Amino acid sequence: MDNVIAIDGPSASGKSTLARNLSAALHIPYINTGSMFRATAWAAQKRNIAWDDEPALAAMLKDLTMEYRTNSAGEFELFCDNAFPGEELRSTEIAAGASKAGTLPMVRSELKRLQQNMNKSGWIVMEGRDIGTVIFPEAKFKFFITASPLERARRRLAQEGNKAGGTLEEVAAAIAARDLQDSTRPVAPLKPADDAEIVDNSNMTYEETFNYIYNKVKDAVL
Ligand code: DC
C-alpha cells in the first residue's frame, strides 16, 4: 500500500481546495496533477511543439524537470523547466492545451512516471482525475469528491461570475456534458476506483467535507 491520499473528482467539486487544506493540516506535500498537464502545454508552447504532437511531447517530458517545491510563501508549487510558472498555468489557453495533451497516451504515461516518483519520502495528498484508478491504485486512502451539476454550476458562478459562461441552467448543462465526455473517454476516464469512497458534497458545507475527510485520515498520517 502507498502512503497516498488520492483525491479525484470532476471540476468544481471543491477537490482542489480540499486537497490544499488537507496538505496544510497534515504537513504533507500537495500534488495537483492538473498543473502537470498544464505545465506540459506551457513548456511545449515555449518550444513551439504542437499540443497534439504526441512523440515530440513525450520526448520533451523525458528530460523536463517537474517537481513540487515550496515557494517563498511556503506553499507547494510546481517547479518546471527551472521556473515557477505559477499563474501562467491558469490561463484558458493553457487549460485547453492541457486538455488536448491529456488525451494522448504517451503524455499520460510520461506524467504517470513522474507522479509515481513523488511519494518517495513520505505521505502525500495527490489530486486529479485518475489517481485512485491509474496512478496509485494501492493508495491507502481514496476519495472521489463530487456534487450535482447544478450545485457545481452554482459554485462556479459564485466564483467566476460572468466568466462562468451563462445562466445557472446553461452552466449546469455544460458541466453535465463535460462529465459525460470525461467519464466515457477511452484513455483514463474520470471514474471512481472500485474501492474509493464517494463523497457527494451537494448538501454539505465546505467545512463539513473537510472535517469528514480529515477525521478519516488524521490518525494514519499524523
Ligand atoms: O484540474 P485542471 O483543470 O487543472 O486540469 C487541467 C487538465 O488536465 C484538464 O483538462 C484535465 C486534465 N487532467 C487529467 O486528464 N488528468 C489528471 N490527473 C489531471 C488533469
Side-chain angles (χ1 to χ4, degrees), residues 2 4-23 29-45 51-52 54 57-58 60-61 64 66 68 75-78 80 84-119 124-137 139 142-147 152-153 155-156 159-160 163-165 171 174-175 177-193 196:
D2 292 304
V4 173
I5 304 169
I7 308 274
D8 290 304
S11 62
S13 58
K15 68 184 192 313
S16 298
T17 309
L18 172 72
R20 192 178 320 108
N21 290 341
L22 278 176
S23 144
Y30 162 45
I31 312 296
N32 169 347
T33 59
S35 296
M36 298 174 74
F37 285 87
R38 289 168 183 261
T40 302
W42 172 81
Q45 191 176 54
W51 290 327
D52 57 0
E54 188 171 13
L57 291 171
M60 175 188 84
L61 288 171
L64 192 69
M66 242 199 237
Y68 280 79
E75 301 150 342
F76 285 94
E77 199 182 332
L78 183 60
C80 175
F84 283 115
E87 281 302 303
E88 289 179 45
L89 299 185
R90 309 311 311 168
S91 74
T92 35
E93 190 194 6
I94 292 297
S99 170
K100 202 174 228 179
T103 63
L104 305 173
M106 284 164 76
V107 167
R108 299 204 74 91
S109 101
E110 288 303 323
L111 292 182
K112 177 178 172 182
R113 178 179 56 76
L114 291 168
Q115 288 160 8
Q116 287 180 335
N117 277 325
M118 287 183 164
N119 75 327
I124 56 170
V125 50
M126 185 174 276
E127 174 221 329
R129 308 287 193 289
D130 59 349
I131 311 309
T133 49
V134 175
I135 307 301
F136 284 111
K142 297 183 186 180
F143 298 100
F144 190 86
I145 312 296
T146 189
R152 283 187 282 142
R155 293 176 192 167
R156 181 160 288 171
Q159 202 170 41
E160 298 180 6
K163 280 199 256 164
V171 175
I175 284 177
R178 170 109 180 261
D179 282 356
L180 184 67
Q181 190 183 316
D182 288 349
S183 55
T184 54
R185 71 171 175 228
V187 189
L190 173 69
K191 63 164 196 240

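Just so you know, ligand 1 is whichever comes first in the structure, and atom 1 is the first atom listed for that ligand. No hydrogens, no waters, no symmetry mates; every other heavy atom, side chains included, goes into these values. Bear in mind that the values here come from a model prediction, so they are computed numbers and not experimental data.
Proximity of a side-chain donor or acceptor of Q116 to a complementary backbone N or O of F136 within less than 3.5 Å is not detected. Formation of a donor-acceptor pair under 3.5 Å by the R108 side chain with backbone atoms of G102 is found in this model. No donor-acceptor distance shorter than 3.5 angstrom exists from the side chain of R20 to the backbone of Y30, with no hydrogens or angles considered.
Scanning all protein heavy atoms for the shortest distance to atom 8 (O) of ligand 1 gives F37 CB, 3.4 Å. In terms of protein heavy-atom proximity, atom 15 (O) of ligand 1 is closest to R108 NH1, 2.9 Å. Shortest contact from atom 7 (C) of ligand 1 to any protein heavy atom: A98 CB, 3.8 Å. For atom 6 (C) of ligand 1, the closest non-hydrogen atom of the protein is R38 NE, 3.7 Å. The protein heavy atom nearest to atom 19 (C) of ligand 1 is T33 OG1, 3.5 Å. Nearest protein heavy-atom contact of atom 1 (O) of ligand 1 is R129 NH1, 3.0 Å.
Using a 4.0 Å cutoff on heavy atoms, G102 does not count as a contact of ligand 1. Judged by the shortest distance from any of its heavy atoms, K112 lies outside the 4.0 Å radius around the atoms of ligand 1. Ligand 1 does not have Q115 within reach: every non-hydrogen atom of the residue lies 4.0 Å or more from it.
Side-chain atoms of W51 and I94, non-hydrogen and from C-beta on, do get closer than 4.5 Å to each other. You'll find the side chain of P105 reaches within 4.5 Å of the side chain of E54, heavy atoms only.
Ionic pairing of E110 and R113 is present here: one or more N-O contacts between side-chain nitrogen and carboxylate oxygen are shorter than 4.0 angstrom.
For the pair A147 and R155, the tightest heavy-atom approach, listed with the atom from each and the gap, is CB-NH1, 3.8 Å.
A 6.0 Å sphere centred on CZ of R178 holds no more than 12 heavy atoms belonging to other residues, nucleotides or ligands.
Across G9, G34, S16, S99, heavy-atom proximity to atom 10 (O) of ligand 1 is greatest for S99.
Applying the 4.0 Å criterion to heavy atoms of R185 picks out, from ligand 1, the atoms 15 (O).
Inclusion of D130 in the set of residues having an N or O under 3.5 Å from an N or O of ligand 1 is warranted.
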